[in-house]
Participant: 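Here you go, one structure.
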Amino acid sequence: MTSIHEPSVKLYLWIWAWLAGLMLVGVLISYLPFPHTLNVALILGLSVVKVSLVALYYMHLRFERVMPVWVVAIFPFFLLFLAFLVILPGIVHAESVLLASRDVELVYAGEVGPLPADAQEVRVWIPLARSRDGQQILEREVRVGYPSTIQQESVYGNEFLYVVVAKPLPQTLPFEIRYRARIDGQGRSADEPQEGLRRYLQPTRLMRVTEEVEEQARMVAAAGQFSVRDQAKGIYDHVIRTMVYDRTTPGWGQGDTLRACRVGRGNCTDFHSLFIPMAHALGIPARFKIGFQIPKGDEGTLPGYHCWAEFYEPGAGWVPIDASEAWKHPENREAYFGGFDASKFLVSVGRDLELVPRQAGEPVNIFFDPYVEVDGQVFEGRQLQFSFVEPSERRARR
Amino acid sequence: MSDAAALAHPLDTTTGVPNGKLGMWTFLASEVMFFAGLIGASIVLRAGAAHWPHPGEELVIPIGTVNTFILILSSMTMVLAHAASVEGDRRRLLATLGWTILLGSAFLGIKAYEYSTKFAHGHLPSSGIFWSCYFVLTGFHALHVLGGIITNGWLWVEAATGRLFPQRAHYIELAGLYWHFVDIVWILLFPLLYLI
């Protein structure tokens, strides 16, 4: 009776010891900082072993010599196997494809001009990236050939360089800003004082809760979604479903909610100018962010700006989303909802900015390019170049 | 096989498997489909969910671990009860089956404590997709545990009053198959809900 070919009390006790031991190993693994995929595979693998031990020894399949019992018994385990085929990819897929941490050197350079020959005074506000929201600016070197001051506006906390040049004016006004930054979601503080949140429910001139927006938002909310995150996910899916990424139809890039609803086309600005007011319509604070999407690779030029949005979830804080990148990369759609993306370099937050000192013109709709006024009039003449380098020792560590 | 074991399966059948055992396995196959459906649904919902808690974020892993330990232990006492029934040892059967009932009840008690703390924190089945899955899966499992405890309790009374031996001793094996199945379901639910 002590052979493993026959059930015995000793065998039952041994099986129990194995079950308890494997269970503890599984619990231990869940606390270890392995990659998530490995954790899932190991823990589910251990469970399969435990299930098999119970079935083979406690349910006596190991000792059954009659075929029908095996036939009936195999059926459930075949179903379990099928279930696992579905389970593993499902969970593994949910893992983020976004980089969690990046070190980059970035150059934001260009020139304002050519300036009109009869101009008396030119005023320039150049946005400056600063340390915030998981972005750490380790070095910031500003090169501009004229006296300048660093200013900060009070609503969103954006920083910028302010330059005033009076007669005699040069033909162009070159500038260069070099950054060394570490972007890492770990270090970001996501909380926001309660009274500060109210401003993230306010409309701007172009980004506002129109009737259509309100109707669409109500539709999303009515689809059985109850938590803030579920509602935001519903809006996110709605934006991706209804918008088309298109930079050919005139009028794109202004972040005009009305146009986004009517035309259903545009770039990142337009995608998120639909997301943000829809969140506002449901009472969810949301905000606009603009900067760079740094491609994978060790160096290169950057084609231009990229923007994204964040909504505020009580308890969790600011949650980033990127509906236009998700539109372009549907395979990463889950990751771009809520995943911190270390490939995003933040330049400014918010819309309709009032600069310091106050500009003569309207509030600045989107603050990414330098804002320039010549003799009190908005001036659009400029050329910009952006490039980045990712230091190689950092890449090697990844 | 001992005489007592031969007596435990008194009926010859054309399948070569006692009808009771075949019936129990067929029932368990349908039960697997039941839980496979629920677990499968929770996996699909999880894959599409905007947020799913990390291990230890919402559920207390040590409590789940203790409960898993208790249920595995009860499976062991159940199989020992089966061994006692095969050998016709009534005293040992009553002791081991009694422990199985107690351990099963302890599992339910701890589960009830877990539920009450969740309710106290405002986590209800309607509080989001994770909580819906958690309460449906563990709720149905707990009902199965309760069913097992009632069955085992009835068998314990039968054995204590001398009505089990020898003709109906194989009922213990059938109840055991069911109890181990309920254990297996928990062995899968525990990692799915608590650990990954």
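Just so it is clear: chains get the letters A, B, ... in the order the sequence lines come, proteins before strands, and each one is counted from 1. Only heavy atoms go into these numbers, but all of them, side chains included; no hydrogens, no water, no symmetry mates.
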Participant: Taking side chain as everything from C-beta outward and backbone as N, CA, C, O, which of these in B:S126 sits under 4.5 Å from a heavy atom of chain A? Side chain, backbone, both or neither.
Facilitator: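 Just the backbone, heavy atoms under 4.5 Å.
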Participant: Could you tell me whether B:E58 and B:K118 have a side-chain N and a carboxylate O separated by less than 4.0 Å?
Facilitator: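 Not counted as a salt bridge, because no side-chain N and carboxylate O are separated by less than 4.0 Å.
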Participant: Taking side chain as everything from C-beta outward and backbone as N, CA, C, O, which of these in A:L24 sits under 4.5 Å from a heavy atom of chain B? Side chain, backbone, both or neither.
Facilitator: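 Looking at A:L24, just its side chain touches chain B.
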Participant: Does A:D322 pair with A:K289 as a salt bridge, N-O distance under 4.0 Å?
Facilitator: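 No, no charged N to carboxylate O under 4.0 Å.
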Participant: What part of B:F181 is in contact with chain A, defined as an atom under 4.5 angstrom from a non-hydrogen atom: side chain, backbone, both or neither?
Facilitator: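 The answer is both parts of B:F181.
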Participant: Between B:L195, B:T65, B:L80, who has the most heavy-atom pairs with chain A when the cutoff is under 4.5 Å?
Facilitator: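 Answer, by heavy-atom pair count under 4.5 Å with chain A: B:L195.
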Participant: A:S30: which residues meet the side-chain hydrogen bond (donor to acceptor under 3.5 Å, both in side chains) condition with it, sequence neighbours left out?
Facilitator: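 side-chain hydrogen bond (donor to acceptor under 3.5 Å, both in side chains) check on A:S30 returns nothing, list empty.
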Participant: Is it true that A:W318 and A:Y200 have ring centroids separated by less than 6.0 Å?
Facilitator: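 When the ring centroids of A:W318 and A:Y200 are compared, they turn out to be within the sub-6.0 Å range.
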Participant: Between A:K233 and A:D230, does any NZ, NE, NH1 or NH2 come within less than 4.0 Å of an OD or OE carboxylate oxygen?
Facilitator: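 No, no charged N to carboxylate O under 4.0 Å.
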Participant: For the interface with chain A, which of B:D183, B:V185, B:L73 has the highest count of heavy-atom pairs at distances below 4.5 Å?
Facilitator: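 Between B:D183, B:V185, B:L73, the count favours B:L73.
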Participant: At a heavy-atom separation under 4.5 Å, does A:Y31 approach chain B through its side chain, its backbone, both, or neither?
Facilitator: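 For A:Y31, the side chain is the part near chain B, not the backbone.
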